[in-house]
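Dropping the structure in here first, questions after.
Every number for a ligand or one of its atoms is a count from 1 in the order of the listing.
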Amino acid sequence: MILPGATLGVLGGGQLGRMFTLAAKVMGYQVVVLDPDPASPAGQIADIHLKADYRDAVALLRMGSLCDAVTTEFENVPAASLDMLAKHCLVAPSPQAMAIAQDRLAEKTRAREFGCDTAPFANIEQAADLAQAWAQIGAPALLKTRRLGYDGKGQVRVNSLAELVAAFAELGHAPCLLEGFLPLEREISVVLARNQHDEMAFFPLAENQHRHGILDISMVPARVSDEITQAAQRMAAGLAHGLDYVGVMAVEFFILANGRIVFNEMAPRPHNSGHYTLDACATDQFQQQVRALCDLPLGDPRLLTPVVMVNLLGDAWNPEPRWDVLLNNPGVQLHLYGKAEARPGRKMGHYNCLAMSLDEALAIALKTRSELGIGED
Ligand code: AMP
């Protein structure tokens with residue numbers, strides 16, 4: 001066990017790194033953040049902020065020698081950097097698990113292997129693969145880049161082979177997956193923690209709604225049956241176990257009208273759809289990340305109150321939202337990430353609405369949103 005007083009590191013200084021840093025510091029750890037941005041949200045509050053590139057060997061060596069354990073807050077950390085760190089300190093999740101989460105083909109292939117259902121998909125390495133992939137999947141379909149896609153970026157909906165050819169060019173001829181477009185009834189996510197002894201703790205399922213490809217709100221408890229909850233948790237557990245995953249991970253699933261549960265993707269870290277845990281659970285996902293990393297017993301993930309989480313994107317900074325109006329609602333908890341510059345689509349913060357029922361929490365979420373003047377487009 002790595003006990004309080006030790007030093008933990010996080011690769012990446014965004015909001016997830018910031019909330020990890022806060023949780024670790026509350027528990028009495030020192031925190032080192034590596035992020036090239038001098039104003040990064042996590043760097044602002046870390047004990048030491050190493051302002052260097054993620055491949056910088058000198059910075060990685062320093063981090064490895066300062067830290068007892070290192071984790072990451074984004075999936076695209078170079079594998080070589082994780083390998084380098086692993087020579088000096090504990091690194092979790094493993095470089096192998098990270099590599100799988102970085103590539104949609106590897107991710108979906110392993111998910112199937114470990115018992116998850118997925119949308120039909122075909123691999124496209126080059127233009128010569130397009131016709132075969134189209135013959136296999138057909139309309140309607142989604143073309144997604146295998147790497148570096150997030151928040152709906154790097155994906156195009158296509159309805160014909162001609163559209164597929166154009167979309168592949170639009171995505172720069174990068175390796176892609178062509179996926180069957182499914183009629184979604186709901187989207188849910190399972191956030192779980194697993195430690196080195198294969199113990200797992202599941203946060204309650206979140207039901208997620210997106211706007212323009214970006215998570216907009218999460219509702220908890222999700223409006224799905226106990227059977228769906230258990231089946232989704234079983235699938236997520238199979239994946240975590242199969243990957244020998246250590247840390248917090250999120251698994252996104254689609255629910256179809258016939259009750260089919262379809263794996264979409266995994267995130268090898270805490271997740272935006274788990275931010276509700278900060279105010280609504282006995283243990284939040286960042287404290288759980290600290291616990292899993294340090295091989296402490298996992299905390300109680302129990303839900304204490306119904307909750308709706310609303311994301312605050314840079315689009316709402318026009319001018320900066322009226323925080324006094326938002327804070328007038330006693331059941332609302334505000335979280336801001338310390339980002340100086342607001343840009344459209346940039347995640348600036350979120351707020352959690354707590355109430356005695358989900359309907360009431362949803363009503364507060366929608367009321368505060370309209371008070372803030374965040375549009376319904
Ligand atoms: P992703 O980047 O894979 O998380 O996809 C972003 C969003 O696109 C998802 O949250 C869904 O709303 C939608 N989506 C992705 N894949 C599919 C699919 N195969 N069928 C229908 N909708 C999808």
A student checking ligand 1 against Leu142 at a 4.0 Å heavy-atom cut-off should list atoms 14 (N), 15 (C), 16 (N), 17 (C), 18 (C), 23 (C)

In terms of its nearest heavy atom to atom 12 (O) of ligand 1, the top option of Glu107, His210, Glu187 is Glu187

Ligand 1 atoms nearer than 4.0 angstrom to some heavy atom of Asn264 are 1 (P), 3 (O), 4 (O)

Q.
Polar contacts were defined as any N/O atom of the residue lying under 3.5 Å from an N/O atom of the ligand; does this apply to Leu184 and ligand 1?
A. no

Please determine whether a side-chain nitrogen of the Lys or Arg among Arg194 and Asp244 lies less than 4.0 Å from a carboxylate oxygen of the Asp or Glu. yes

Notebook entry, point to check: Going by distance only, is there an N or O of Gly213 that falls short of 3.5 Å from an N or O of ligand 1?
Noted result: no

Taken in chain and number order and not counting sequence neighbours, the residues that satisfy ring pair (Phe, Tyr, Trp, His ring centres under 6.0 Å) with His88 are none

Is it true that the NZ or CZ of Arg157 lies under 6.0 Å from the centre of Phe181's six-membered ring and within 45 degrees of the ring axis? yes

In ligand 1, the atoms that come under 4.0 Å of a heavy atom of Gln155 are 1 (P), 2 (O), 3 (O), 5 (O), 6 (C), 8 (O)

Per side-chain hydrogen bond (donor to acceptor under 3.5 Å, both in side chains), Glu75 is matched among Arg269, Arg147, Gln102 by Arg269

Taken in chain and number order and not counting sequence neighbours, the residues that satisfy salt bridge (charged side-chain N to carboxylate O under 4.0 Å, His left out) with Arg322 are Asp324

Numbered in order shown, the ligand 1 atoms found under 4.0 Å of a heavy atom of Leu182 are 18 (C), 20 (N), 21 (C)

Under 4.0 Å from one or more heavy atoms of Arg104, ligand 1 contributes atoms 2 (O), 3 (O)

Quick test of your reading of the model: are Arg104 and Glu265 salt-bridged, counting only N-O distances below 4.0 Å? yes

Checklist entry - Measuring from the heavy atoms of Gly154, does anything fall under 4.0 Å of ligand 1? => result no

Shortest non-hydrogen pair, Glu179 vs Phe121, comes out as CG-CB, 4.0 Å

Near Glu265 (heavy-atom distance under 4.0 Å), the atoms of ligand 1 are 1 (P), 3 (O), 4 (O)

